[in-house]
Number of protein chains: 4
Amino acid sequence: MPTKKKPQATTAAPERRGELLQTAAEVFAEQGYNATTVRKIADHAGMLAGSLYYHFDSKESMLEEILRTFLDELWSGYDTVLDADLGPRETLQALVTESFREIDRHRPAVAIYQKESRHLVTQDRFEFLAESQRRFEKTWLTTLERGVADGVFRADLDIRLTYRFVRDTVWVAASWYRPGGHHSPEEIARQYLSMVLDGIATR
Amino acid sequence: MPTKKKPQATTAAPERRGELLQTAAEVFAEQGYNATTVRKIADHAGMLAGSLYYHFDSKESMLEEILRTFLDELWSGYDTVLDADLGPRETLQALVTESFREIDRHRPAVAIYQKESRHLVTQDRFEFLAESQRRFEKTWLTTLERGVADGVFRADLDIRLTYRFVRDTVWVAASWYRPGGHHSPEEIARQYLSMVLDGIATR
Amino acid sequence: MPTKKKPQATTAAPERRGELLQTAAEVFAEQGYNATTVRKIADHAGMLAGSLYYHFDSKESMLEEILRTFLDELWSGYDTVLDADLGPRETLQALVTESFREIDRHRPAVAIYQKESRHLVTQDRFEFLAESQRRFEKTWLTTLERGVADGVFRADLDIRLTYRFVRDTVWVAASWYRPGGHHSPEEIARQYLSMVLDGIATR
Amino acid sequence: MPTKKKPQATTAAPERRGELLQTAAEVFAEQGYNATTVRKIADHAGMLAGSLYYHFDSKESMLEEILRTFLDELWSGYDTVLDADLGPRETLQALVTESFREIDRHRPAVAIYQKESRHLVTQDRFEFLAESQRRFEKTWLTTLERGVADGVFRADLDIRLTYRFVRDTVWVAASWYRPGGHHSPEEIARQYLSMVLDGIATR
DNA sequence: GATGAATGAGGATTCATTCAT
DNA sequence: TATGAATGAATCCTCATTCAT
C-alpha cells in the first residue's frame, strides 16, 4: 500500500508517451506531416505546444517513433508468415491479409508512410525506411518469382510491374480505410485477393 | 487595356507562364506542396522568388492552375471515351488507357493530386477537385455496374471496393512512373488491364 | 516557525546548499551564466531541474549568492590587509597576494564575476557589485596615490591607467588559473608582483 | 548615366552588410552574445528581426563573420610587424602598439572575443579561433624567448606566466577602452609598455 | 520582367519556473 | 526532499508576399 504510487490503475500514466504518439499520428495522417504544427498536436492532446518537448525531442522524433513502431510490428507479422514456409500463393495471401491487419491496427502510421516516406528516405535518420523497403521488395519479388516458377502465377507479366501492382493496391487502401467500418480487415483482404488473383472480369 | 496589371496569357510570352508552371509542378511533385518554398521554384526557374509574383498571384494560384489544367485535359480525354458509347469492358479499358496517357503527360500534376487533394478539397478555391471526384466516381461506378449487369464483370464483389481497387491501382502508378522508361503508357495500361481483368493467378 | 517555507540555512542540511552553489558556480564559470540552463546544474548535482527550486528561489538568486559570498570573503581579506596600515608598496603586495588567494579559493566565482559583472551592475538586485567596485577602486587608487606621494611608485604614469593595469592584470588570471597546478597562489603573486613592480625588461 | 544604378554615391547600399555587422558587434559586445536577441540587433538597425535573415544565415554566422574579420585584420597587422625582423624588444613594442590600434578599430569584436572565445573554440565552425590562438601563443613566446636569450628580458621569470601577463594585460583593455577618449591608442600603448617593461615602482 | 530588400505572421524549440504528489 | 509533468513566455528562424526601382 504505501509503496503504491498510482492507486487508480485504470488511468494511463506510464503510457502517456504512447497516447501522445497516437494523437500525433492521427494529426499527421489527417493533415500531412509538414502541414501539422506542433501546436495542433498539443491541442489535440490537451496541452501546450512546449509541453510536448518534455516527452519528445522534436516533431521529427515523434514521426520517427511512429514509423519505427509500425514497421517493427509489420515485420514481426511478416516474419511469422514467412517462417511458416507456405507455398507462393498461400504466402501471398497471408502477406496481403497480414498487411490489411496492420492497416487496421496502424492506419495513421500507414497513411503517413504512404505520403511521406518518399522524401524521408534520403535522410540518415530515416535510413530504416529504405532498409525496410529493400526487404519488402525482396520478399515480394521472391514470392512472385516462386509462384511463376511453380506455375501458380502467370508467366506472361512483367514481374516488377506485378510487384508494384500488388504492393500499391494493398497499401493505398489505408487512405480510405476506416477501422470499425462495414468490412473487417480479413474480409477486405479476401475480396482484394480475389480481385488480384482472379481479376474482376467473369470467366 | 492600360489598366491591365497582370498578363493573363494575353500579353507577351504566353509560354513563359507554362514553363514556370511546369517547373513548379515538378518541384511540388518532388518535395510536396507544403515543403516546396517559392524560392525553390524560383531557383529552378533561374529567377528570384519575388519575380514569380509578376506571373502569378500566389503559390496557391500556381497549384490551382496546375491541377485545373490537368483535370481539364483528363476530362477532355475521358469525355471522348465516354461519348463513344462503348460496352462496359471496352469503356473500362479505354478509360484506364487514357489514364495512363494522362499520367505520361502530366506526371507531376498527377503526383501532386494524389498527395494533396485530400486536404485541398475542403477549400472553396479547390471545390473543382471535389466536383471532379464526384464525376469520376459516378463514371466509374456506372461503368462497373453496367458491366455487372451485362455479365462481363463479376457480380460477387463489393462494387465500391472494386471501384476503389481499380481507381487506386491506376493512379498510384504516377508515384513510380517515369516518362521515357521501358514501357509506353499503352503497354503499361495493357498489362495493368490484364491483371485487373484476369488476375495474376494462372487459370 | 511552522510558517517557514524555504530553509534559509536554518533547517536541516546546511551544507547541501553550499554544495549546490559550488556546483552551480562551476557550471556558470564553465559555460557562462546565460548559456547555463538550470537543467545542466541539476544534472551535475544528480537531481532534476525542478528540485533545485526547493533550495533556491531562482537561477538568479543562485548567481547572487555565489557572487555575494565571494565578495564578502574578498573584502574580509582586504580589510585585514588594510587594517594593518602598511606602507603603500607593502599594501599593494599584500592586496595582490590576497587576490590570488581568493582566485585560488573562489575561482569559479571570480570567473563569473569577470564575465558577467558588467551587465549585472545595472540591476537593483546586484547593486552590491557596484558598491564593491567603488570601494575597490577607491582602495587601489588611494594606495597608488600614497605610493606616488611617498616616491615608491612612478609619478610619470597616468594613475587611472595604472590602476586598471594592476587590477586587470591580477583578475584575468582567474581565466586560466587551475588550483592544484604548478604554482601556488603565493608563487604566482610573487612573480606577478615582480613584473608589475619592476617590469619584464632587464635593468 | 543610364548605366548608373545608385545616383547618390553618398548613401551606403553595397556595404549594408558591413553596417549591420557593425551594429551587431556593438550589441554583442554590450550585452553578450547569448543575451543578445536577434530582435535587439534588428531594433538597433531599424528593421524587423526576420529581415536580418536576408543578409545573414544565422545569428551565429554574424558572430563568425565579426570575429573572422577582426582576426584577419589583426594578423595582417602582426605579420607586417613580424616581417620587419626587429629585435625582440622592438618587436614586443610594435606588437603591443599594433594590438592597441586593433582594439581601437575593432573594440566590439575584441570585447566579444574576450568574453566568448573560450566556449566557441570547441565548435568546428570556430576552429579558426583555436588556430589563431596557437599562432598567437607561438609568436609571443618566441619573441619573449629571443628577448631572454638576447638579455633584454629578465631570465628569472616563468616564461609562460610572462606570456599570459603580457597577453591579458593588453587585451583586457578592450573592456574599458572607449575610442575617442583622452588617450590615443599609441599613447596607451606607450604607457602600457612602460609599465610592462620597466614596472610601476621607482628605481 | 526582374531584382533587392524588406515585412509580418507564424512555427519549432528552449527554458525558467510551478506544483501536486 | 525530490520527481514528473506541465506552463508560458521568449527565441531563432522560415517563408509567402510586397514594392520601389
Side-chain angles (χ1 to χ4, degrees), chain A residues 4-7 13-14 16-17 20 34-42 45-62, chain B residues 6-7 11-13 16-17 20 34-42 45-62, chain C residues 6-7 11-13 16 20 34-42 45-62, chain D residues 5-7 13-14 16-17 20 34-42 45-62:
Chain A
K4 224 169 182 180
K5 280 161 74 191
K6 306 263 170 182
R16 190 72 219 265
R17 214 187 153 73
L20 292 172
N34 280 305
T36 299
T37 67
V38 171
R39 197 171 164 283
K40 277 185 204 152
I41 302 173
M47 51 172 30
L48 291 176
S51 308
L52 281 171
Y53 288 81
Y54 178 76
H55 301 276
F56 303 99
D57 284 343
S58 64
K59 185 183 161 189
E60 208 180 48
S61 78
M62 292 187 228
Chain B
K6 306 262 167 162
T11 27
R16 189 74 175 116
R17 213 186 156 70
L20 292 172
N34 279 304
T36 298
T37 67
V38 171
R39 198 171 166 283
K40 276 184 204 154
I41 302 173
M47 49 172 37
L48 290 179
S51 310
L52 281 171
Y53 286 81
Y54 179 79
H55 300 277
F56 303 97
D57 285 341
S58 65
K59 183 182 164 189
E60 209 179 46
S61 77
M62 290 187 233
Chain C
K6 306 262 168 165
T11 25
R16 188 75 175 116
L20 292 172
N34 280 304
T36 299
T37 68
V38 171
R39 197 171 167 284
K40 275 184 206 153
I41 301 172
M47 49 171 37
L48 290 178
S51 310
L52 281 172
Y53 286 81
Y54 178 78
H55 301 276
F56 304 98
D57 285 339
S58 66
K59 183 182 164 190
E60 209 178 47
S61 77
M62 291 186 233
Chain D
K5 280 160 75 189
K6 305 265 167 182
R16 190 73 220 264
R17 216 187 151 70
L20 292 172
N34 280 305
T36 299
T37 68
V38 172
R39 197 168 164 284
K40 276 185 206 154
I41 301 173
M47 49 172 30
L48 290 176
S51 307
L52 281 172
Y53 289 81
Y54 178 77
H55 301 275
F56 303 97
D57 284 342
S58 64
K59 184 183 160 189
E60 209 180 48
S61 78
M62 292 187 229

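Chain letters run A, B, ... following the sequence lines, proteins first and then strands; every chain starts at 1.
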Would you mind telling me which residue lines up with the more 5' stretch of DNA chain F, C:G46 or A:L52, judged by nearest nucleotide?
-> C:G46
What one should report as the nearest heavy-atom pair of B:N34 and A:A35 is ND2-CB, 3.6 Å
Closest to the side chain of C:L48, out of E:dA5, F:dG4, E:dA2, is F:dG4
Heavy-atom closest contact (A:F56 atom, A:R17 atom, distance) = CZ-O, 3.7 Å
Look at the side-chain N and O atoms of A:R17 and state whether any lies under 4.0 Å from the OP1 or OP2 oxygen of F:dG4.
-> no
Taken to the nearest 0.5 Å, the spacing of C:K59 NZ from C:T36 OG1 works out to 6.0 Å
Can you tell me how far OG of A:S51 sits from CE of A:M47, rounded to the nearest 0.5 angstrom?
-> 5.0 Å
About how many Å separate CE of D:M62 and CG of D:L20, when rounded to the nearest 0.5 Å?
-> 8.0 Å
Note, DNA chain E 5' to 3' with Watson-Crick or G-U pairs under 3.5 Å encoded as ( ), [ ], | and . gives .||||||||||||||||||||
Mark up nucleotides 11-17 of chain E, 5' to 3', with B wherever a protein heavy atom is under 4.0 angstrom from a base atom, S wherever such an atom reaches only the sugar-phosphate, and - elsewhere.
-> SSBBSSB
With the side chain defined as heavy atoms from C-beta on, C:H55 is closest, among F:dA6, F:dT1, E:dA6, to F:dT1
Separation of the P atoms in F:dT21 and E:dG1, to the nearest angstrom = 22 Å
Specify the closest pair of heavy atoms between B:S58 and B:S61, including all atoms of both residues, with the distance to one decimal.
-> O-OG, 2.8 Å
Just how far is it from atom CZ of D:R16 to atom OH of D:Y54, taken to the nearest 0.5 Å?
-> 12.0 Å
Between D:I41 (CD1) and F:dT11 (C1'), how many Å, whole number?
-> 12 Å
What's the closest nucleotide to the D:Y54 side chain, out of F:dA2, E:dA6, E:dA2?
-> E:dA6
Take D:K40 and D:T37 through the side chain to side chain contact (heavy atoms under 4.5 Å, CB included) test and state the conclusion after the steps.
-> CA-CA 5 Å; D:K40 276 185 206 154; D:T37 68; 3.5 Å; yes
